[in-house]
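Every chain is numbered from 1, with letters handed out A, B, ... down the list of sequences.
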Amino acid sequence: MKSNTGHRNDQGRVAEEGEEVCGEQLGAMENARKRCQAPSTSKSLMATEDDPYKIDPLIALIDMDCFYVQVELRLEPEWRGKPAIVVQYKTRHKGGGIIALSYEARERGVKRFHHADDAREVCPEVKVFVVPELHGKADLTRYRDAGAEVIRVMKKHFHCVERASVDEAFVDLTKEVKQLLPRYLSKELKLTPEALGSTCIAESHSVEAWLDQLYLKLEEDPEAFVASSVQLNNFALAIGAVLVNDLRQDIINVTEFHCSGGISYSKTLSKLACGLNKPRKQTVLPGNAVGPLFNKTNIIDVRMLGGKLGRSIIENLCISTMGELCKVEVPKLRQYFSEETARWLASLAVGIDNEPVQERDLPKSIGCSKNFLGKEALSTREQVKKWMEHFVSELSVRLKKDQAENNRSASLLTVSITYVKDPFKIKSGQSCSRCAPMTSYDNEAMVYDAFMVADRLLTSLGYRNGRYHYAVINLGISASKMRDGGFTASRIDSYFRGQKKKEVDDSQIFPGNKYSELKVKGRDASKIQLGKAKEVRERKGSITKYLNQASPRKDAQGGQASHHQQQKVRTEHMESKSDTETRLGQLLQATRSQRMGKVRRLFPARFTDEGGTRLGGRQRRRVPQ
DNA sequence: CTTGGAACGGTCC
DNA sequence: TGGACCGTT
Ligand SMILES: Nc1ccn([C@H]2C[C@H](O)[C@@H](COP(=O)(O)OP(=O)(O)OP(=O)(O)O)O2)c(=O)n1
Ligand SMILES: [Mg+2]
């Protein structure tokens with residue numbers, strides 16, 4: 001992947017194209033940034049007296065190496081340097097599914113889609129760490145907390161940090177780099193290979209040569225250098241690399257965790273760069289390297305193109321690399337995609353995504369869920385209630401911790417359910433979600449709300465002799481719409497609107513209605529007594545309004561989680577069973593064939609027709625030429 | 001027996 | 001807005 005053995009001429013030629021394109025992309029990026037009102041970068045191309053140097057936005061992506069494994073290795077360091085994996089549900093299928101694997105394990109041929117038993121087959125001495133279980137489900141707290149440790153270090157170094165996942169964050173380096181620029185240009189500070197540390201330069205063999213080249217140009221003609229956006233941007237990238245290297249070293253010092261980094265001009269490019277030299281390395285992706293790199297980059301491997309959209313591009317245009325996509329003109333793209341999508345793709349094909357780094361280091365939602373496949377599927381009220389209790393037990397602890405640490409409270413509680421007619425003869429599955437206001441972190445209140453919402457939906461789909469007509473194969477709850485501070489009377493009052501009669505008999509599931517006697521500690525009971533909260537559910541508020549439309553959808557729908565795994569498997573080019581080979585696969589196949597949300601906009605013409613065919617000729621909107 | 005989990009963020013209507 | 005759906009780790 002790294003070394004370019006042949007096609008020198010070809011790459012050289014495209015490199016020039018890339019350079020040219022990149023020069024143009026910067027202006028486009030800036031315009032889009034202004035539209036997006038990214039405060040820290042919106043003026044980056046504007047030279048003013050205070051800010052004499054025009055540089056493009058500089059974005060880094062930090063991604064922890066085999067993160068869950070590192071978390072386990074910090075707890076049991078004797079396994080460092082050995083093949084190791086982290087699995088979920090050891091007692092289940094084939095010793096549990098792998099969710100993280102060390103680089104030593106990767107060298108031995110272990111794959112993420114393997115199970116523990118598979119891993120032992122190809123690598124008998126592999127160390128298997130098992131995700132902790134609590135309340136009958138996997139408990140990822142350990143890894144979330146470790147991720148927060150890392151973010152904390154990042155915030156120490158940079159103001160604008162966007163938590164992208166449990167082990168990834170984007171950083172906007174623009175301001176910090178711009179501040180240092182004069183001191184580096186004046187030689188007060190010097191860019192050295194040592195300062196760059198574990199840096200690689202994409203499409204370049206040596207950091208030294210790259211730096212030498214940079215300084216050669218600076219010495220040659222300093223005025224021309226600072227006037228050249230290409231030179232200045234490369235210089236800025238190098239400064240960014242120093243800052244990111246320092247950050248990564250600090251992360252090691254503070255947390256013992258190693259990570260990789262990507263430094264470039266957009267989230268897309270930084271993410272791509274980060275993956276080029278994993279692990280324990282950071283990669284600078286300069287503008288002039290984008291073209292050559294894109295020539296060998298599969299479309300599927302680019303952020304946001306790893307799913308249906310990417311596959312449709314490949315199928316429709318009969319291409320496979322970003323370099324090829326770059327050569328496709330907007331009018332051609334318009335044959336298959338909407339105007340908006342076509343333009344967006346054309347930008348992305350030169351590395352522009354117009355996404356500012358958001359200053360957000362906390363998750364926006366906190367939730368938990370679990371699959372119940374085959375005989376595990378839930379079909380009684382008692383089962384659903386039991387699992388709601390488990391979920392709430394986990395969630396309330398996490399929410400209270402979040403409230404204490406971050407001074408915020410969730411205002412929305414969402415229940416999501418995937419259900420099928422027969423969990424053993426999966427022919428169609430449907431997923432849905434319902435929400436209720438969150439007015440306290442009281443366990444029983446949350447259980448009541450979550451269960452009532454779920455039960456109403458499932459009951460309305462059919463209920464007889466103590467069993468729902470549908471079996472629940474995935475159940476989850478999530479807290480979101482975070483607001484500053486704790487729960488206040490006015491906040492809770494705002495939920496009391498309208499009136500509606502109770503629709504479901506809860507007397508058997510909640511005997512004695514103990515729930516209505518609960519109170520929130522430390523609050524004005526007359527206002528926020530949970531008995532009042534219960535009224536919400538009996539009135540015509542946001543909950544019941546939607547329960548009335550509980551008729552099953554016609555489209556097939558499978559568990560989101562599983563569906564996503566499928567996406568991941570394809571993205572990583574890992575061989576695995578085709579969907580028709582397994583029962584679950586059939587469900588997932590149905591899932592993917594359903595209607596396409598955002599993608600309807602993205603694939604107006606062809607893809608839609610094909611989707612319609614798969615669905616049995618269902619008619620879809622066709623976008624005018 | 002059937003098993004590709006469990007979170008997240010975001011867009012669209 | 002809520003809810004369905006997509007993309008991602
Ligand atoms: N489908 C996935 C992908 C990832 N993870 C978890 C486990 C990983 O340790 C962590 C980070 O995901 P990465 O894709 O970044 O993978 P790693 O950090 O494990 O490896 P790498 O070194 O390739 O980044 O998120 C997960 O639970 N399910
Ligand atoms: Mg990682």
Side-chain angles (χ1 to χ4, degrees), chain A residues 63-64 67-68 86-89 92-94 96-100 112-115 131 137-141 143-144 147 162-168 271 302-310 340 355 358 360 362-377 391 394 398 412 414-416 423-426 430-436 473-476 478 480-481 542-543 545-547 549-550 553 555 557-572 574 576-577 579 581-588 591-592 594-603:
Chain A
D63 184 314
M64 309 309 293
F67 187 47
Y68 288 13
V86 175
V87 304
Q88 235 170 7
Y89 300 126
R92 298 184 77 103
H93 182 63
K94 292 163 87 177
I98 296 177
I99 54 176
R112 177 148 13 210
F113 67 83
H114 280 170
H115 294 258
V131 172
K137 62 181 288 300
D139 178 18
L140 305 177
T141 305
Y143 313 107
R144 275 190 209 99
E162 178 180 332
R163 180 196 193 273
S165 81
V166 69
D167 88 321
E168 276 185 27
K271 172 70 184 160
V302 171
R303 201 175 79 111
M304 308 182 93
L305 300 182
K308 289 183 173 189
L309 177 55
E340 197 193 349
E355 274 188 52
Q358 308 282 334
R360 181 183 54 74
L362 297 175
K364 289 178 144 181
S365 64
I366 297 176
C368 51
S369 65
K370 180 166 169 52
N371 281 359
F372 302 93
L373 298 181
K375 67 179 166 71
E376 307 284 325
F391 290 154
E394 176 184 325
R398 288 166 59 193
L412 194 72
T414 304
V415 172
S416 50
F424 294 101
K425 292 179 188 168
I426 298 172
Q430 302 173 279
S431 80
C432 64
S433 67
R434 294 293 185 270
C435 64
I473 62 169
N474 177 275
L475 189 63
S478 173
S480 61
K481 291 206 192 306
S542 53
I543 319 165
K545 183 171 143 196
Y546 291 93
L547 290 174
Q549 40 165 261
R553 289 171 44 231
D555 312 327
Q557 164 85 16
Q560 290 270 39
S562 306
H563 169 75
H564 296 158
Q565 175 66 16
Q566 171 66 26
Q567 298 278 350
K568 183 65 179 181
V569 166
R570 299 211 169 182
T571 298
E572 293 183 355
M574 293 170 170
S576 70
K577 284 188 179 175
D579 290 335
E581 288 176 56
T582 63
R583 284 192 179 288
L584 181 62
Q586 288 171 27
L587 171 61
L588 297 171
T591 300
R592 280 192 296 279
Q594 75 202 344
R595 68 165 225 245
M596 290 179 270
K598 170 187 180 180
V599 182
R600 186 193 298 158
R601 172 179 67 87
L602 297 172
F603 313 137

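- Residues satisfying the side chain to side chain contact (heavy atoms under 4.5 Å, CB included) test with A:Ser433, not counting sequence neighbours, are A:Thr414, A:Ser416.
- In terms of phosphate contacts, A:Lys481 brings no side-chain nitrogen or oxygen within less than 4.0 Å of OP1 or OP2 of C:dT1.
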Query raised in the report: What do the steps show when you test A:Val87 against A:Lys94 for side-chain contact (heavy atoms from CB on, under 4.5 Å), and what is the final call?
Result: CA-CA 11 Å; A:Val87 304; A:Lys94 292 163 87 177; over 6 Å; no
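- Residue A:Arg163 places no side-chain N or O under 4.0 Å from the OP1 or OP2 atom of B:dC8.
- Regarding contacts with the backbone of B:dG9, every side-chain N or O of A:Lys364 stays at 4.0 angstrom or more from both OP1 and OP2.
- Under the salt bridge (Lys or Arg N to Asp or Glu O under 4.0 Å) criterion, A:Lys370 pairs with no residue at all, not counting sequence neighbours.
- Of the side-chain N and O atoms in A:Arg112, none sit less than 4.0 angstrom from OP1 or OP2 of B:dG4.
- Proximity of A:Ser365 to the phosphate of B:dG9: a side-chain N or O atom is located under 4.0 Å from OP1 or OP2.
- Residue-level contact check: A:Gly97 touches neither bases nor backbone, having no heavy atom under 4.0 Å from any strand.
- At the heavy-atom level, A:Lys94 lies nowhere under 4.0 Å from the strands shown.
- Between A:Ser369 and the phosphate of B:dG5, there is no side-chain N or O to OP1/OP2 separation shorter than 4.0 Å.
- Residue A:Val302 is in sugar-phosphate contact alone, with no base atom involved, counting any heavy-atom pair closer than 4.0 Å across all strands shown.
- Look at the P atom in both B:dG4 and B:dC8: the space between them is 22 Å, to the nearest Å.
- Counting non-hydrogen atoms under 4.0 angstrom, A:His115 reaches the backbone sugars and phosphates but no base.
- To the nearest angstrom, C1' of B:dA7 lies 12 Å from CG of A:Asn371.
- Note on A:Arg398: a side-chain N or O is less than 4.0 Å away from OP1 or OP2 of B:dC8.
- When each of A:Glu162 and A:Lys370 is assigned the nucleotide of DNA chain B bearing its nearest heavy atom, the one mapping closer to the 5' terminus is A:Lys370.
- Among the atoms of the strands shown, base atoms are found under 4.0 Å from some heavy atom of A:Gln88.
- OP1 or OP2 of C:dA4 has at least one side-chain nitrogen or oxygen of A:Arg434 nearer than 4.0 Å.
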